[in-house]
Amino acid sequence: MKKTVSLIYALVLLVMSTGCHYQRLSEGEDIEIQALSVEDTEYYTRFKDEKIAINVYNWGEYISDGSDGLLDINSEFTNLTGIEVNYSTYATNEELYAKLKGGGSEYDIIIPSDYMISRMIKEEMLLPLNYENIPNFKNIMDRFRNMSYDEENLYSVPYTWGTVGIIYDNTAISIPEEEMDWSLLWEEEYKDQILMFDNPRDAFAIAQVLLGYSMNTENEKELKAAAEKLKEQKSLVQSYVMDEIFDKMGAGEAVLAPYYAGDALTLMDEYDHLSFVVPKSGTNMFIDAMCIPYCAKQKEAAEMYINFMCEADCAYATTSYIGYSTPNSAAFDMLDDETKENKVSYPDEDYLENSTTVYVNLSDEANLTMQRLWTDMKSTEEEGTNKWLVPVFLLVCVLSSIGILIRRYIKNKKDLY
């Protein structure tokens, strides 16, 4: 029997337009909060008295936690199902991979990115999903099904997505956005004011787009050409960074940087002098998806959690809280028109179809080649910047030593006479 329930927060700290108006009589002020509605409570309560717990491993600050008037997703899941959620976070796909590969971990849910999902499938690190336990997969848009990293959706359910573009200081750069492209990061005019990704996959991808190559190329000549393109840029780059982009661009220490759309929106909310553009020649479209690792102890409860995350209210809270785009059609329908029409979050369908590429995991050989070329490029940068430092230092040391020996010789000679 299908029912509709509403679980309403009693305490809300901030005002957000995410639900219905309620009156907090003790303070006499209007607040807006979100209510959770699910259709099939019988489905969610079948483990209610079994004292089950699941271990969820996710990116930092990547789930709605009850602030800003949005759902506290993990608490609501526990309230509804009786299943406790042990929640921990990681910073990179590689950290997640190393933790699982090292053994000894007992996670039931992980949320890696596309290329890492591809790698984990190849290495048999994921369990196939039983979609009878995930009926809300119906909410996932067709565009985000059967992607190249998991062509039959056997192992993953999309969680969020986004694109990579250029964040720039609109007080320093007046080029029309329709004319902006990745080549802007190679402009001599902005020397020492350009930031660049400090990871090879994203940095190489930008160079590959400029050269007309696939972002998933494994051709050694093309990888070498991309490395040469990055070498051409390095004398213009102020620094190679990742999270530091937020602080540096916000403080006006740089005027150009590649950045992720969801993070760019957060940054632009804080700083009026910053804007963001998705380059016309193409970019990476990244997708993070929910998976069950081979070490999971509570597979069916994990599938219930995935289904819960695909509830319209939960997916809406997720996209509203973290700023990344949703692949969930029911959640998308809940967004206001301004958000739906924001080309940073939701580029035109034609652009997504023809000008974006989703990463897949490269072969071990290609990954090693890219890493070697990246390391060579970075070390060449250091060598070019300080190539005379070591020889001059050694020469000074040698001359100083000779001087000391000469002074000692002269002193000893005087002592003898």
Side-chain angles (χ1 to χ4, degrees), residues 113-115 138-151 153 157-170 173-185 197 201-202 205-216 245 249 256-269 272 274-289 310 312 315-316 318-360:
S113 301
D114 35 51
Y115 72 94
K138 66 185 180 183
N139 289 335
I140 301 300
M141 300 175 186
D142 288 344
R143 151 159 291 289
F144 299 100
R145 300 187 183 200
N146 310 116
M147 304 299 289
S148 55
Y149 60 85
D150 183 9
E151 292 183 348
N153 272 121
V157 174
Y159 180 67
T160 59
W161 67 278
T163 56
V164 179
I166 299 172
I167 191 162
Y168 66 96
D169 186 330
N170 54 47
I173 298 173
S174 57
I175 302 170
E177 285 196 350
E178 61 270 16
E179 297 179 14
M180 289 187 181
D181 209 344
W182 293 116
S183 56
L184 197 61
L185 299 175
F197 279 138
R201 191 67 194 265
D202 284 333
I206 293 171
Q208 287 160 349
V209 171
L210 281 173
L211 294 170
Y213 303 149
S214 167
M215 294 182 191
N216 291 315
I245 290 174
M249 291 298 298
L256 282 168
Y259 212 32
Y260 307 108
D263 294 325
L265 286 171
T266 301
L267 192 50
M268 288 188 293
D269 281 344
D272 292 338
L274 296 178
S275 299
F276 182 85
V277 62
V278 181
K280 59 183 181 180
S281 61
T283 192
N284 165 233
M285 181 172 73
F286 56 87
I287 301 169
D288 295 334
C310 291
Y316 172 80
T318 296
T319 190
S320 299
Y321 180 74
I322 69 176
Y324 281 72
S325 306
T326 182
N328 188 299
S329 59
F332 180 80
D333 289 342
M334 295 173 67
L335 298 174
D336 58 53
D337 290 341
E338 182 180 356
T339 302
K340 291 178 182 178
E341 294 167 6
N342 187 324
K343 299 307 179 187
V344 173
S345 297
Y346 299 98
D348 292 333
E349 182 65 25
D350 182 66
Y351 181 87
L352 292 178
E353 182 68 31
N354 298 306
S355 300
T356 62
T357 300
V358 176
Y359 290 158
V360 296

In terms of heavy-atom contacts, Tyr259 and Phe197 come closest through N-CZ, 3.8 Å
In this structure, CD1 of Ile245 is separated from CD1 of Ile167 (nearest 0.5 Å) by 8.5 Å
Evaluate Phe332 against Met141 for side-chain contact (heavy atoms from CB on, under 4.5 Å), listing each step before the verdict.
CA-CA 10 Å; Phe332 180 80; Met141 300 175 186; 3.6 Å; yes
Interatomic spacing from CZ in Phe276 to CG in Asp263 - rounded to 0.5 Å
9.5 Å
Go through the structure and list residues passing salt bridge (charged side-chain N to carboxylate O under 4.0 Å, His left out) with Glu349, not counting sequence neighbours.
Arg143
Return the orientation label for the Trp161 and Phe144 ring planes: parallel under 30°, perpendicular over 60°, tilted otherwise.
tilted
Using the rule given for side-chain contact (heavy atoms from CB on, under 4.5 Å), can you reason through Asp114 versus Met147, listing the C-alpha separation, both sets of side-chain angles and the distance that settles it, and then say yes or no?
CA-CA 9 Å; Asp114 35 51; Met147 304 299 289; over 6 Å; no
Hey, is the main chain of Asp272 close enough, under 3.5 Å, to the side chain of Asn170 for a donor-acceptor pair?
yes
Are any side-chain N or O atoms of Ser325 and backbone N or O atoms of Tyr346, one a donor and one an acceptor, separated by less than 3.5 Å?
no
Indicate yes or no: at least one non-hydrogen side-chain atom of Val358 is less than 4.5 angstrom from one of Tyr115.
no
Taking the side chain as every heavy atom from C-beta outward, state whether Val209 and Pro279 have any pair of such atoms under 4.5 Å apart.
no
Side-chain contact, heavy-atom cut-off 4.5 Å: Lys343 with Tyr351?
no
What closest approach, in Å, do Thr326 and Thr319 show between heavy atoms, and which atom pair accounts for it?
N-OG1, 3.8 Å
Hey, does the side chain of Arg145 reach the backbone of Ile140 with a donor-acceptor pair shorter than 3.5 angstrom?
yes
Without swapping roles, check the side chain of Asp336 against the backbone of Glu338 for a donor-acceptor pair under 3.5 Å.
yes
Please enumerate all residues that pass salt bridge (charged side-chain N to carboxylate O under 4.0 Å, His left out) together with Asp333, with sequence neighbours excluded.
none
Is there a side-chain contact between Pro327 and Ile287 in this structure, where contact means two heavy atoms from C-beta onward sitting under 4.5 Å apart?
no
Any idea which heavy atoms bring Asp288 and Ser113 closest together, and the distance?
OD1-OG, 2.6 Å
Residue pair Tyr159 / Tyr324, side-chain heavy-atom distance below 4.5 Å:
no
How long is the straight-line distance from CG of Asn139 back to CG of Asn328, given to the nearest 0.5 Å?
4.5 Å
Between OH of Tyr260 and OG1 of Thr283, what distance do you get to the nearest 0.5 Å?
10.0 Å
Mind listing the closest non-hydrogen atom pair of Ser345 and Leu265 along with its distance?
OG-CD1, 2.9 Å
Are Asn284 and Arg201 close enough, and set up right, to give a side-chain contact (heavy atoms from CB on, under 4.5 Å), and what steps lead you there?
CA-CA 10 Å; Asn284 165 233; Arg201 191 67 194 265; over 6 Å; no
Can you tell if the side chain of Glu177 reaches within under 4.5 Å of the side chain of Ser275, non-hydrogen atoms only?
yes
Is the shortest heavy-atom distance from the side chain of Tyr359 to the side chain of Asp202 under 4.5 Å?
yes
Work out which heavy atom in Val344 is nearest to a heavy atom in Ala261; give both atom names and the distance.
O-CB, 3.7 Å
Where do Thr357 and Met215 come nearest, in terms of heavy atoms and distance?
CB-SD, 4.0 Å
Return the NZ to SG distance between Lys138 and Cys310, rounded to the nearest 0.5 Å.
11.0 Å
Starting at CG of Asp348, measure out to CG of Asp350 and round the result to the nearest 0.5 Å.
7.5 Å
So does Ile166 get a backbone contact from the side chain of Trp182, meaning a donor-acceptor N/O pair under 3.5 Å?
no
